[in-house]
*Asks:* 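Structure incoming, see below.
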Amino acid sequence: MCLQRTRSFRTQRHSVNRPPTPDAADDQEKQPSLHEIINIKMIESGEKERLMELLRERLLECGWKDEMQNLCRTFIKKEGRNNVTLDELIRAITPKGRASIPDSVKAELLQRIRTFLVSAAL
Amino acid sequence: MSTKIKLEPPPSSRRNFLIPTPCVHLTDFKSRHGTAPFRALQECLRVKPLGRAAIRRDPPEEVARCVTCGGSSRSRLYACVTCAAVSCHVIAGEEEHSSEEKMGGENEIAAVSIIKKVRSSSPSHAAEHAEEIGEHSIAVDVDRAELFCCVCADQIYDCDFDAAVVISQTAACGGGSIPAPPENLRKRRRVDYRPWSPDPHERVLITRSSNPLKQLSETDSMPWGLRGLNNLGNTCFMNSVLQALLHTPPLRNYFLSDRHNRFYCQKNSCNLKTRVVGSGNGNRNLRLCLACDLDEMFSAVFSGDRLPYSPAKFLYSWWQHAANLASYEQQDAHEFFISMLDGIHEKVEKDRRKPQSQGSGDCCIAHRVFSGILRSDVMCMACGFTSTTYDPCVDISLDLEPQQGSSARPGSAKSHHSCNGEANSMSSNQTCGTSTLKGCLDRFTRPERLGADQKFFCQQCQVRQESLKQMSIRKLPLVSCFHIKRFEHSCIRKMSKKVDRYLQFPFSLDMAPYLSSSILRGRFGNRIFSFDGDESDATNELSSEFELFAVITHSGKLDAGHYVTYLRLRNQWYKCDDAWITQVNEDIVRAAQGYMMFYVQKTLYYKASEKPVS
């Protein structure tokens, strides 16, 4: 995801509450990444939930969800029902999943996120 | 190294889903804490409209963060069921947020260093938590309300937990407003099938009161009951349906067992009010009864005589019943089918003089065989309140899936490859390009968004809201008839046209995924819970399996076409084209353009009779 960085974000980054430093043994102070900051803002405003619902709807409409379910079934049939963990399944289908998302869906969501960023920066 | 979760049906399995055997950590956890922690979680369950469940503390908008790294953007965050610590989980070796590399400027160094950190150290903080504190292995996914064992690194399942979630979900839907399903008869107990054979007295009665059928000739290899039907003038629509019905096992058995004796029925009808036919024809053959005519046809068709039969009497009777369709014009086979079932029902109901609920199938043989119950749920998208109705149906009309090509998908080329070897499991036609019956059924039971102009009045919100509608099958009929809507009517052009697109249909069909219990279960996240229609009967699994026995095909145009029926007898296929019956290869049938498909339940069950044995 390629983001347009503006001056306002650079200044904003410092004003975000940082999570408490958990580990004394851990020297390097963890800066919340841009990714984290945006994520938090989106959750707090409820935008993330709305976008998730939108995404679910789009991916259902275009048949992506059915495709993924079939990929899962194929994988489980091949490996054996008792030989598959959740992590293994996710690892197996994630690359295909990411690759097969329609461009229109990506574009729509990116547009929504951009709009959100613009409105949040104000 | 993780222990794999084994899937086995528990010994006393009386459900039609498998309950996975719990891992040692879950068993251990439950033996120490019982069900209390799961019930406590109920307080933290936040159910969104339409059922999605999440685990949150108050305040509701508080962002869940990992106690170890403070991160909140991982796709999976787990809350320890014992101490409520939230940790993130990353799959070992998985690269997360590789896109961070794309960011330029001074942030790049920070981004790269974070990634390096993720790869080098143990990535899953949830696993770390479980390692550090030995007894804290059970966690719950905060966004999905699903259990996870951090040591096994796999999803786990628990009845008590799922029950708690489903109860919260149904409460949010305004649950409790579901009407009792219509077949609320007292459940008759299931009995074993006991084959009947006549005792000596009955044997005498039978020999005395019947004429033996002539033996089939040596050269006749066709099974009993195959007999051509003469076309009486564009009556292939009727012939095709009759052939299918003559070989519908429960219907055939009913009539051949003399359950509707036409002589007896006609004699009885003298005493009852009858339908007046025409004017001044009061004396001749006024006792209209489609079942009697059908009985006569069964006797004729199963007599062993191979000369084509002319169903003139039946046609005449049917004209009297469906006066608006009485002509020699071409008709629609499906319309005839419905009309005929209706005719059989009407006569029977008139005789008994008490209306019976169609859904129970107790009213007449037509409904006993074909009637099922459909469930329709309308869900408010704002609050989740669900309004449910049950309706009987004698068949299911399915829309053909829309033409492929509406969504441009760059990945579809890749997935095409994976689907070629999985012809059966592929139900999404948009990938493979072929319409299938299962695909149509999937669409039939998919939640459909009612448009903004069709807002439904929500009882909970007390205002019209956008809604979601979903169909499912509450009760399967003995025989399922699927009608494919091949006739498209265009309101703009004010004309109809026929859709010739090929539809693939299976010879064996499992209807379980389309049952209300399955649809409901899916709506609530596939929880281990007994849903509407789940009968506590292990044999319920079998009764959702169906076998194809008849296919009615249509060739030609909307107003000028021809119907042909393919019948499956003793696993051989026969083409019934009016008076001509020929044996055909099953590939011919597979390639045919199906218009109506008839499936019968693979296994029939018997219920204790309510009538005392005389």
Side-chain angles (χ1 to χ4, degrees), chain A residues 1-3 5 10 13 18-23 26 28 30-36 38-40 43-46 49 52-53 56-57 60-67 69-71 73-74 77 80-91 94 96-105, chain B residues 2 4-8 48 52 61-73 76 89 91-94 97 99-100 102-107 110-111 113-114 117 148 152-155 406-412 414-415 418-419 421-422 425-431 442 446-447 449:
Chain A
M1 175 162 89
C2 201
L3 300 165
R5 291 182 312 111
R10 230 180 298 163
R13 190 156 53 93
R18 295 208 192 119
T21 318
D23 237 317
D26 198 359
Q28 188 157 2
K30 292 191 191 82
Q31 301 256 3
S33 64
L34 192 56
H35 194 277
E36 278 282 342
I38 295 170
N39 187 52
I40 292 164
I43 296 173
E44 285 172 346
S45 65
E49 187 55 43
M52 290 290 268
E53 281 301 329
R56 278 189 198 107
E57 203 183 311
L60 180 68
E61 282 168 4
C62 69
W64 181 91
K65 186 181 171 187
D66 291 328
E67 235 182 277
Q69 277 186 336
N70 285 315
L71 280 178
R73 278 192 201 110
T74 314
K77 257 190 222 169
R81 222 164 34 175
N82 296 331
N83 296 334
V84 177
T85 66
L86 183 63
D87 281 3
E88 285 164 6
L89 188 62
I90 294 174
R91 196 195 298 140
T94 300
K96 297 179 203 178
R98 284 183 198 247
S100 63
I101 295 185
D103 287 341
S104 57
V105 177
Chain B
S2 59
K4 312 284 184 181
I5 308 297
K6 286 200 174 44
L7 279 171
E8 280 165 14
K48 310 210 176 95
R52 210 168 292 280
E61 254 67 56
E62 184 200 293
V63 177
R65 290 165 182 278
C66 174
V67 298
T68 311
C69 68
S72 63
S73 55
R76 285 153 71 195
H89 179 74
I91 299 169
E94 183 81 349
H97 308 306
S99 55
E100 292 203 78
K102 282 191 190 157
M103 285 169 20
E106 58 264 44
N107 231 15
S113 62
I114 288 174
K117 216 176 148 68
F148 188 78
C152 302
D154 197 10
Q155 186 165 353
S406 46
S407 56
R409 310 209 301 133
S412 60
K414 286 186 217 157
S415 39
S418 71
C419 97
E422 299 286 318
S425 60
M426 214 52 190
S427 58
S428 168
N429 83 309
Q430 285 173 299
T431 318
D442 280 336
R446 193 166 290 175
R449 195 180 222 170

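In the text below, chain A, chain B and the rest are named by the order of the sequence lines, each starting its count at 1. Just so you know, these numbers use all the heavy atoms, side chains as well, and skip hydrogens, waters and symmetry mates.
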*Asks:* List the atom of A:Leu86, the atom of B:Asp154, and the distance in Å for their closest heavy-atom pair.
*Replies:*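 Scanning both residues, the minimum pair turns out to be N-OD1, 2.7 Å.
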
*Asks:* Can you name the closest pair of heavy atoms from A:Thr85 and B:Cys152 and give their distance?
*Replies:*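 Heavy-atom minimum between the residues: CG2-O, 4.4 Å.
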
*Asks:* Between atom CD of A:Glu36 and atom CZ of B:Arg65, what is the distance when rounded to the nearest 0.5 Å?
*Replies:*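 So the CD of A:Glu36 and the CZ of B:Arg65 are separated by 7.0 Å.
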
*Asks:* Under a 4.5 Å heavy-atom cut-off, does chain B meet the side chain of A:Glu49, its backbone, both or neither?
*Replies:*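 Contact with chain B is through the side chain of A:Glu49 alone.
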
*Asks:* Could you grab the distance from atom CZ of B:Arg446 to atom CG of A:Leu60, nearest 0.5 Å is fine?
*Replies:*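 Going from CZ on B:Arg446 over to CG on A:Leu60, the span is 6.0 Å.
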
